[in-house]
Amino acid sequence: MQLDAFLQSIREEINDLTLIALEKCLRSIGYPNGTVFSLVDKDGSIQSQITDRATAGQELSTGESASMIRESLRWGEPYYGYSFNDALVIALPFTLNSRLVGGVLIQPPEDESDAADDMGAIRKLTDHLAVELDELNLLNMPLMRERFLEARRERMRAEAIHSLKSEPLHQIREIYWRLEPELFLAMRKRERTESRRLLNQILIGIYNFGGEDIIRVKGFILDLVSMMTRTMVDCGASPADTLGRGFDIVRELELIHDEESLSSWVTNVLESLMEAVERSSDSAEDMRMQLAVNYIRENCGEPLSRDDVAMKVGLSPSHFSRLIVSHLGHSFSDELRKVRIAKAARMLKDRSYSAKEVSIACGFQDQSYFSKVFKKEIGKTPLEYAHRA
């Protein structure tokens, strides 16, 4: 195998013995038979391949190859993604001191990369390969560890700041979304006692988090009214009933400065919203379906099942499955996947999150599986989409 071009592309001081040792290392590390190793320079150009396959693996674009290598160095851990033909690709950088000079792309056989058990074994082999590359002075493990810890510290810092700023509101919204299907079904059936009981649970949370700060309490209540109003319109309530007094409602709320007036205002507004839902012309089935879709959207990062959602909207799992197909034209699992990928796309456009963070936030515990599903749905890998958004 000719490795001279690759040798020159990284640094003249590295001799042929180093590259021979690298090839020996890659062949002996224990990856499945047929694994393709592509050696690339820092610009992503493939300089050589080591493979036992009759046909080498799918060649990536130089831009995508370079991005995978950079992302691995950026986050201090192997990067897992997919090529144009949906084959798993693992990237590790080559560094001289702290300078990126190239990397290796690893493509296990496709049948090996799909199974979760095989993926676990491949991850262990890749971690071991990183240690071996460090021994060959082709990978700066202390630098990778530093980058990994730095990225984790930044994530923890961002999460802590976000938690301090929004945790009460987040928890109130969680209470609301958990109770929303029951609340709106009770309203639709004109069960005022049950509707008020469920609303009181949410209001208790609001007053608990708001404490004696009436401005904070008013903000939480306005958010509650906004969430309810949005769902009402989604479920078919008249916009004139729900949004017509929007400006007056906000102005009235601004003028309130004591708890007694606030309680009276909350009672009047919530009673008027309940009346609007009761006047809705949509069928109970249509409302159930809209509430189910809302619930999936708000909880798509959790391990949702069809039976969980069916129970939330008061339907049997089999009847719920039929309604989903009838109303949406596809199954529950298809809808959940579409919602998760849509959320992932929004997060990737933000560019504040790594692909790993996005996959977890959107309910995908395995990053490689997330990359494969995302590419199948969107037509681009998460990395491509983030860079071109």
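Excluded from the calculations below are hydrogen atoms, water molecules and symmetry mates; all remaining heavy atoms, backbone and side chain alike, are included.
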Would you say the ring centers of Phe374 and Tyr385 fall short of 6.0 Å from each other? yes
Evaluate whether atom CG of Leu255 has more than 12 neighbouring non-hydrogen atoms of other residues, nucleotides or ligands under 6.0 angstrom away. yes
Between Asn140 and Ser98, the two heavy atoms sitting closest are ND2-N, 4.3 Å
Whether Arg337 engages the ring of Phe332 as a cation-pi pair (distance to the six-membered ring centre under 6.0 angstrom, angle to the ring normal within 45°) should be assessed. no
Could you tell me whether a side-chain N or O of Asn268 sits under 3.5 Å from a main-chain N or O of Ser264, the two making a donor and an acceptor? yes
Flag the pair Arg74 and Glu71 as a salt bridge only when some basic side-chain nitrogen lies within less than 4.0 angstrom of an acidic carboxylate oxygen. yes
Taking all atoms of both residues into account, what is the closest heavy-atom pair of Ser195 and Leu183, and its distance? O-CD1, 3.6 Å
A side-chain contact here means heavy atoms from C-beta on lying under 4.5 Å apart; do Lys312 and Glu180 qualify? no
Under the ring pair (Phe, Tyr, Trp, His ring centres under 6.0 Å) definition, can you give me all pairs with a residue in residues 287-318, not counting sequence neighbours? none
Same cluster or not: are Ile204 and Leu222 linked, directly or through other Ile, Leu, Val, Met, Phe, Trp or Tyr residues, by side-chain heavy atoms under 4.5 angstrom apart? no
Flag the pair Met187 / Leu199 as yes when at least one side-chain heavy-atom distance between them is below 4.5 Å, and no otherwise. yes
Does a salt bridge link Glu174 with Arg178, judged by any charged N lying under 4.0 Å from a carboxylate O? no
Could you tell me whether Tyr207 atom OH has more than 12 heavy atoms of other residues or ligands within 6.0 Å of it? yes
List in chain and number order the residues that pass side-chain contact (heavy atoms from CB on, under 4.5 Å) with Ser305, two or more places apart in sequence or in another chain; answer none if no residue qualifies. Asp307, Asp308
Within residues 263-273 or reaching into it, pairs that qualify as salt bridge (charged side-chain N to carboxylate O under 4.0 Å, His left out) - sequence neighbours excluded: Arg192-Glu271, Arg196-Glu271
Holding to side-chain contact (heavy atoms from CB on, under 4.5 Å), I want the full list of residues that pass it with Glu259, two or more places apart in sequence or in another chain. none
Residue pair Arg288 / Phe184, side-chain heavy-atom distance below 4.5 Å: no
With sequence neighbours left out, write down each residue that passes ring pair (Phe, Tyr, Trp, His ring centres under 6.0 Å) with Tyr31, or none if nothing qualifies. Phe37
Looking only at heavy atoms, what is the nearest atom pair of Pro382 and Ala355, with distance? CB-CB, 4.5 Å
Full working for side-chain hydrogen bond (donor to acceptor under 3.5 Å, both in side chains) between Arg306 and Ser333: CA-CA 8 Å; Arg306 178 202 63 172; Ser333 59; over 6 Å; no
Side chain Asp41, main chain Gly44, donor-acceptor under 3.5 Å: yes
Is the shortest side-chain N to carboxylate O distance from Arg230 to Glu298 below 4.0 Å? yes
Does Leu39 reach the side chain of Leu105, with side-chain heavy atoms less than 4.5 Å apart? no
Under a 3.5 Å cutoff, is there a donor and acceptor pairing between the side chains of Ser226 and Asp223? no
Who are the side-chain contact (heavy atoms from CB on, under 4.5 Å) partners of Arg145, not counting sequence neighbours? Phe148, Leu149
Side chains of Thr95 and Leu73: does their closest heavy-atom pair fall under 4.5 Å? yes
Scanning both residues in full, the closest heavy-atom pair of Met347 with Ala361 reads CE-CB, 3.7 Å
Between Arg147 and Glu77, is the closest basic N to carboxylate O distance under 4.0 Å? no
Using the rule that two of Ile, Leu, Val, Met, Phe, Trp, Tyr join whenever any of their side-chain heavy atoms come within less than 4.5 Å, decide whether Leu96 and Leu100 are in one cluster. yes
